[in-house]
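Here is the structure we will look at, set down as structure tokens.
Because the structure is predicted, anything quoted here is derived from the model rather than measured. All ligand and atom numbering here is 1-based and tracks the order in the structure.
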Amino acid sequence: MLRRHSMRAKNVQKSEPRVLISEDKIRARVRALAKEISADYENGGELVLVGVLKGSFIFLADLSRELTIPRVIEFIAVSSYANGSRSSGAVRLVMDVRGNIEGKHVLIVEDIVDTGHTLQYLIGMLESHGPKSVKTCALVRKAERAEVDVDVDYLGFDIPDEWVVGYGLDYAEQNRTLPYIGVITPDD
Ligand code: IMP
Ligand code: MG
């Protein structure tokens with residue numbers, strides 16, 4: 001038998017996250033975004049969706065399956081935070097895209113835009129590969145936290161300045177696979 005981990009272990013929340021955006025609301029919004037993106041890129045040739053690991057993996061999976069246009073999937077990984085919720089401001093590339101994106105339409109798919117530093121860095125980084133265009137899509141944005149002015153072309157939801165988990169988002173790697181977006185108090 002496995003021993004149960006102590007609920008007092010570091011980074012383990014005692015209470016369930018509070019629902020901020022339900023599964024149904026997410027599904028409806030993802031469908032609407034996919035419809036808009038499909039219409040905008042119709043006749044544009046193949047679209048390259050660049051998912052930002054790890055947080056975007058569920059959003060990207062659902063969004064990409066709702067699209068009705070030719071598309072391929074790439075992933076990129078960056079590191080901007082320590083193992084928790086403190087922002088360092090600095091962004092480091094951990095893994096680049098594998099495919100050639102030169103001359104192609106690129107859509108960055110992010111889980112969350114907080115200060116905006118990550119997305120701003122990614123736009124510049126991907127633009128240096130010579131794509132036909134670079135646009136951005138994010139599931140949620142904490143508008144009041146913005147430190148840099150970065151365009152989100154396709155946005156799921158604006159949310160208040162609270163730490164959110166679920167639907168790909170984590171707190172110290174916990175709660176990524178919750179079906180809804182919930183709020184936690186990191187010091188719970
Ligand atoms: P930014 O560079 O400040 O915009 O930070 C973006 C990154 O911070 C996201 O890709 C997430 O990894 C992380 N992040 C910021 N706020 C949250 C949150 O509330 N929940 C989970 N991750 C977050
Ligand atoms: Mg992220």
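Listed by number with element, the atoms of ligand 1 under 4.0 Å from a non-hydrogen atom of Leu169 are 21 (C), 22 (N). Using a 4.0 Å cut-off to heavy atoms of Glu110, the atoms of ligand 1 that qualify are 10 (O). Every atom of ligand 1 with a heavy atom of Thr118 under 4.0 Å away is listed here by number and element: 1 (P), 2 (O), 5 (O), 6 (C). For ligand 1, the atoms closer than 4.0 angstrom to any heavy atom of His117 are 2 (O), 4 (O).
The closest heavy-atom contact to atom 21 (C) of ligand 1, among the options Ile181, Ile112, Asp170, Asp161, comes from Asp170. Nearest-residue assignment for atom 10 (O) of ligand 1 (options Val113, Val164, Asp111, Thr115; heavy-atom criterion): Asp111. When the options Tyr171, Trp163, Tyr121 are ranked by their closest heavy atom to atom 14 (N) of ligand 1, first place goes to Trp163.
Ligand 1 lies within reach of Lys142, whose nearest heavy atom is under 4.0 Å from it. Taking a 4.0 Å cut-off on heavy atoms, Gly116 registers as neighbouring ligand 1. The shell of residues lying under 4.0 angstrom from ligand 1, judged by heavy atoms, includes Glu162.
Aromatic ring orientation, Tyr41 versus His105: perpendicular (interplanar angle above 60°, classes split at 30° and 60°).
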Checking side-chain contact (heavy atoms from CB on, under 4.5 Å) for the pair Glu74/Arg98: CA distance, chi angles, key distance, verdict?
CA-CA 7 Å; Glu74 286 287 341; Arg98 292 196 189 179; 3.9 Å; yes
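The shortest distance between side-chain heavy atoms of Val113 and Thr136 does not fall below 4.5 Å.
Rounding to the nearest 0.5 Å gives a distance of 14.5 Å between CG of Asp111 and CZ of Arg141.
Counting heavy atoms of neighbouring residues, nucleotides and ligands inside a 6.0 Å radius, atom CG of Asp149 does not exceed 12 of them. For Lys25, the NZ atom is loosely surrounded, since the number of other residues' heavy atoms within 6.0 Å does not exceed 12.
Side-chain atoms of Arg145 never come within 3.5 Å of backbone atoms of Asp161 as a donor-acceptor pair (strictly under, hydrogens ignored).
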